[in-house]
There are 2 protein chains.
Amino acid sequence: MSSDGTGRRPTIYSVADRAQVSIATVSRVLRRPDEVRPATRDRVLQVVDELGYVPDGAARSLAVKSHEAHGLVLPELGGPYYADLLTGYEQGAADGGASVVVLLTDGKADVDLLVRRLAGRVDGIVLMGAVQVAPTTVAAIRRKLPVLGLANSHEESVESFVTENVHSAEELTRHLVEVHGRRRLRFVGSPDIADDVHDRYAGFVAAHQAAGLEAAPPVPATFREEDGPRVAALLLEGELEADALVCANDELALSVMRHLSAGGVSVPDQVSVTGWDDGMAARYVTPGLTTVSQPVRELGRQVAVRMRALLEDPTSVPEQHLLPTTLVVRQSCGCP
Amino acid sequence: MSSDGTGRRPTIYSVADRAQVSIATVSRVLRRPDEVRPATRDRVLQVVDELGYVPDGAARSLAVKSHEAHGLVLPELGGPYYADLLTGYEQGAADGGASVVVLLTDGKADVDLLVRRLAGRVDGIVLMGAVQVAPTTVAAIRRKLPVLGLANSHEESVESFVTENVHSAEELTRHLVEVHGRRRLRFVGSPDIADDVHDRYAGFVAAHQAAGLEAAPPVPATFREEDGPRVAALLLEGELEADALVCANDELALSVMRHLSAGGVSVPDQVSVTGWDDGMAARYVTPGLTTVSQPVRELGRQVAVRMRALLEDPTSVPEQHLLPTTLVVRQSCGCP
DNA sequence: TTGTACGCGTTATCAG
DNA sequence: CTGATAACGCGTACAA
């Protein structure tokens, strides 16, 4: 069993052999250096260095029964939202010594299979609400590891983190109605596409009711810039009457706004346009985009921290987490 | 050895027991279903489903000697650049059945240690040029697995992917000089902070030489928006004279541009401002930002594909890869 | 302080 | 087509 240079990549055995110690000692040197006599320790460390030995993570995981990694499942990485989320999460996970495995589902055929597979390589999984994964899959992986939901205000069976949507949407809408005297408002986005869109529309409706107005049905659209031209065209061609467009996110809002301007409609004079997310572009366009800011990075961090807690104490009682958002008023709503 | 329901998470043994077969058969059912009689197969699959069995990735990795994962080391995820890169890479890796472990180094103390650790959990590592990792660390992990560099035009010892910088910077600068008659151009960014900045400045200098002009030294700045105000102030307060600012990236350019306008300096009438990356904001600001577009997503995908090839055939001869970029002329340079 | 020996959960080889 | 069994590389009681 004592091969040395000839073998493959160096293992703990190669190191032990060469340093004239047992593998137990090598392991100790790496994990709890102070439990080993300095002389031996140095000898081992030198060999480790010579051989460029790096412990195999898989073997280690198997032994310690922990993958030291979390899975983060997102639809994509467009816009600042998901990137910030990932940044925050990675930080929170890293603080606990865990790495992050990202799974981007957009464009993938067998998402359910991939999520299942992922469940075998990580200690816990965070599932973005917008990803389409079968309930049975969720149920399956939950039997194996902790699962946290993100921006899935409905599906209350899994513990989740959500940023406030209803009230901020309501506040935003009210602002448009009361401050700018808008009356023909339209919500741009598909409420059934994701829970947060649903909630934003709900707030939109609530504000109307509170003002004694009737909310028009939503104008369907995805989160992507691509849908902007179509929506703008609807309005330019008179198929849609509106003096305010409450868009589901910034990308959409910016695109609509630009195409409206290009078509000769003045924003915000003729039509107010608002977004959601407060990405970098929102600050730089003219007029500045009135939007809603979410503490996305912090959200990511908190989710990671919670996951770590869950991993340490699985009996920990689940709770729903709600993070506050802030209305950011710029000029696209009509404010000076 | 035959425990059943009482035990911990279901293993291949639990399944085998319950389905009255050997673990070998369970493994086969999952890997090569057609090598097992339909009757037994179905029985096993049913048990798998009942128990919610998911094979342990670590154990599997140990057995097949492959982590089925790649490591991607980036400084951060701000701006569209890294997010796109990651998106492309994840796709390319996923096409080969591998997942991606992201390591964000900004703000982390022991990057070298983290990279080493990562090397034990993945089959290959991609290192962004901008991350600060010791050469000895790189050397160490290279002995263990394939390492690809990204945007590190110098360090030619490791195979790497780079987007063209020198020529596009030269073209951009020439445009400013020839078309817009600029003469007092300044490069904003620190050439020593990253190889691509270095190369962009090199192109800036080259264009000057070609035009018989002398290039001014760079105005130091990071890639972040935060540095914009300072640079703008320099100019507003007369400490810096310039009729064109060639910025290292979009964030910087946008920030500078905005603060210049706020300070009463007209862009592009008095000063041209250009960026790099062509993020979403570049399209939406006024004036539109003249910048350089890189095929980042495609870059990511290509790197992943190359990594897969390297993993299959480690003897594959290394080569340096250069991807083309395109100058995107908008209005911030002075064009109508 | 150091070493022996076993377990971790899969895959793969080789008999049957 | 199916079953025993040996790796895979590491951590860790337990023993010395």
Side-chain angles (χ1 to χ4, degrees), chain A residues 1-4 7-44 47-48 51-68 117 119-123 144-145, chain B residues 1-4 7-44 48 51-68 97 117 119-123 144-145:
Chain A
M1 226 41 27
S2 60
S3 81
D4 197 320
R8 295 289 314 117
R9 292 295 150 223
T11 73
I12 198 173
Y13 290 99
S14 332
V15 179
D17 270 14
R18 215 156 190 294
Q20 314 264 44
V21 296
S22 75
I23 64 164
T25 298
V26 177
S27 183
R28 273 188 215 104
V29 168
L30 265 30
R31 304 300 155 199
R32 289 182 300 275
D34 27 72
E35 283 184 20
V36 45
R37 178 147 42 93
T40 11
R41 189 204 310 162
D42 294 348
R43 188 150 36 92
V44 171
V47 175
V48 164
L51 264 42
Y53 168 67
V54 179
D56 184 295
R60 180 180 155 76
S61 290
L62 196 54
V64 303
K65 296 179 192 307
S66 160
H67 295 282
E68 298 171 323
R117 224 201 284 290
R121 311 184 117 341
V122 297
D123 301 318
K144 193 178 188 331
L145 41 64
Chain B
M1 228 37 32
S2 61
S3 81
D4 197 319
R8 296 288 315 117
R9 291 298 149 218
T11 75
I12 199 172
Y13 288 98
S14 331
V15 179
D17 270 14
R18 215 157 191 295
Q20 313 265 42
V21 296
S22 75
I23 62 167
T25 297
V26 176
S27 184
R28 270 189 218 103
V29 168
L30 265 30
R31 303 299 156 202
R32 289 181 300 276
D34 27 74
E35 283 184 20
V36 44
R37 176 150 42 94
T40 12
R41 187 205 311 160
D42 294 348
R43 188 151 35 94
V44 171
V48 164
L51 264 43
Y53 168 67
V54 178
D56 184 296
R60 179 179 155 75
S61 289
L62 193 55
V64 302
K65 298 180 192 307
S66 159
H67 296 282
E68 298 171 321
R117 222 202 285 289
R121 316 185 87 44
V122 298
D123 302 318
K144 195 180 186 332
L145 41 66

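Below, chain A is the first sequence line, B the second, and so on; all start at residue 1.
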Asker: How many whole angstroms separate atom NE2 of His67(B) from atom C1' of dC8(D)?
Answerer: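 Going from His67(B) (NE2) to dC8(D) (C1'), I get 11 Å.
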Asker: Considering just the side-chain nitrogens and oxygens of Tyr53(A), establish if one lies under 4.0 Å of OP1 or OP2 belonging to dC10(D).
Answerer: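 Yes, within the criterion.
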Asker: What's the closest nucleotide to the Leu62(B) side chain, out of dT11(C), dT12(D), dG9(D)?
Answerer: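 Per side-chain heavy atoms of Leu62(B), the pick is dG9(D).
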Asker: When the distance from CG of Asp56(A) to P of dC8(C) is rounded to whole Å, what number comes out?
Answerer: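 Taking CG of Asp56(A) and P of dC8(C), I get 18 Å after rounding.
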Asker: Would you name the heavy atoms of Val15(B) and Val48(B) that are closest together and state the gap between them?
Answerer: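 Heavy atoms of Val15(B) and Val48(B) come nearest at CG1-CG2, 3.9 Å.
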Asker: Where the side chain of Arg41(B) meets the backbone of Val29(B), is there a donor-acceptor pair that is under 3.5 Å apart?
Answerer: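 No, the answer is negative, given that no donor and acceptor are paired below the 3.5 Å cut-off.
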Asker: Any side-chain N or O of Arg32(A) less than 4.0 Å from the OP1 or OP2 oxygen of dT12(D)?
Answerer: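 For Arg32(A), the contact criterion (side-chain N or O under 4.0 Å from OP1 or OP2 of dT12(D)) is met.
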Asker: Take atom CZ of Arg60(A) and atom C1' of dC8(C), then tell me their distance rounded to the nearest Å.
Answerer: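 These atoms are roughly 13 Å apart.
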Asker: Choosing from dA12(C), dC8(D), dG9(D), which nucleotide comes nearest the side chain of Ala59(A)?
Answerer: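 Minimum distance to the Ala59(A) side chain belongs to dG9(D).
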Asker: Nucleotides 1-3 of chain C: which of its N/O atoms have a protein N/O under 3.5 Å away?
Answerer:
residue: dT2(C); atom: OP1; partner: Arg37(A); partner atom: NH2; Å: 3.2
residue: dT2(C); atom: OP1; partner: Thr40(A); partner atom: OG1; Å: 2.6
residue: dT2(C); atom: OP2; partner: Arg37(A); partner atom: N; Å: 3.0
residue: dT2(C); atom: OP2; partner: Thr40(A); partner atom: OG1; Å: 3.3
residue: dG3(C); atom: OP2; partner: Ser22(A); partner atom: N; Å: 2.9
residue: dG3(C); atom: OP2; partner: Ser22(A); partner atom: OG; Å: 3.3
residue: dG3(C); atom: OP2; partner: Thr25(A); partner atom: OG1; Å: 2.8
residue: dG3(C); atom: N7; partner: Arg28(A); partner atom: NH2; Å: 3.2
residue: dG3(C); atom: O6; partner: Arg28(A); partner atom: NH2; Å: 2.7

Asker: Output yes when at least one side-chain N/O atom of Arg31(B) is less than 4.0 Å from OP1 or OP2 of dT11(C), else no.
Answerer: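 For dT11(C), OP1 or OP2 has a side-chain N or O of Arg31(B) closer than 4.0 Å.
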Asker: Sequence neighbours left out, what passes side chain to side chain contact (heavy atoms under 4.5 Å, CB included) with Leu145(B)? Give chain and number order.
Answerer: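 Residues passing side chain to side chain contact (heavy atoms under 4.5 Å, CB included) with Leu145(B): Ala119(B), Val122(B), Ile125(B), Ile141(B), Val147(B).
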Asker: Would you mind reading off the bend of the helix from dT1(C)-dA16(D) to dG16(C)-dC1(D) from its two end axes, five pairs each, to 10 degrees?
Answerer: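 Angle reported: 30°, given to the nearest ten degrees.
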Asker: Taking all non-hydrogen atoms of both residues into account, name the closest pair between Val21(A) and Arg43(A) and its distance.
Answerer: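 Heavy-atom minimum between the residues: CG1-NH1, 4.0 Å.
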Asker: Which nucleotide in the set dT12(D), dC8(C), dT10(C) lies at the smallest distance from any side-chain heavy atom of Lys65(A)?
Answerer: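 Between dT12(D), dC8(C), dT10(C), the one nearest the side chain of Lys65(A) would be dC8(C).
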Asker: Please collect all salt bridge (Lys or Arg N to Asp or Glu O under 4.0 Å) contacts where either partner lies in residues 21-32 of chain B, sequence neighbours excluded, each pair once.
Answerer: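 Matches after skipping sequence neighbours: Arg32(B)-Glu35(B).
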Asker: What is the distance, rounded to the nearest whole Å, between atom CG of Asp17(B) and atom P of dT10(C)?
Answerer: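 Distance check: Asp17(B) CG to dT10(C) P gives 13 Å.
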Asker: For residues 59-68 of chain A, run the donor-acceptor check on the side chains, cut-off 3.5 Å, and write out each pair with its distance to 0.1 Å, sequence neighbours left out.
Answerer:
residue: Arg60(A); atom: NE; partner: Glu68(A); partner atom: OE1; Å: 3.3
residue: Arg60(A); atom: NE; partner: Glu68(A); partner atom: OE2; Å: 3.4
residue: Arg60(A); atom: NH2; partner: Glu68(A); partner atom: OE2; Å: 2.9
residue: Ser61(A); atom: OG; partner: Gly57(A); partner atom: O; Å: 3.0
residue: Ser61(A); atom: OG; partner: Ser66(A); partner atom: O; Å: 3.1
residue: Ser61(A); atom: OG; partner: Arg121(B); partner atom: NH2; Å: 2.8
residue: Ser66(A); atom: OG; partner: Glu68(A); partner atom: N; Å: 3.2
residue: Ser66(A); atom: OG; partner: Asp123(A); partner atom: OD2; Å: 3.3
residue: His67(A); atom: NE2; partner: Gly120(A); partner atom: O; Å: 3.3

Asker: Run the side chain to side chain contact (heavy atoms under 4.5 Å, CB included) test against Ile12(B) and tell me which residues pass, sequence neighbours left out.
Answerer: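 For Ile12(B) the side chain to side chain contact (heavy atoms under 4.5 Å, CB included) partners, ignoring immediate neighbours, are Ile23(B), Val26(B), Ser27(B), Tyr53(B).
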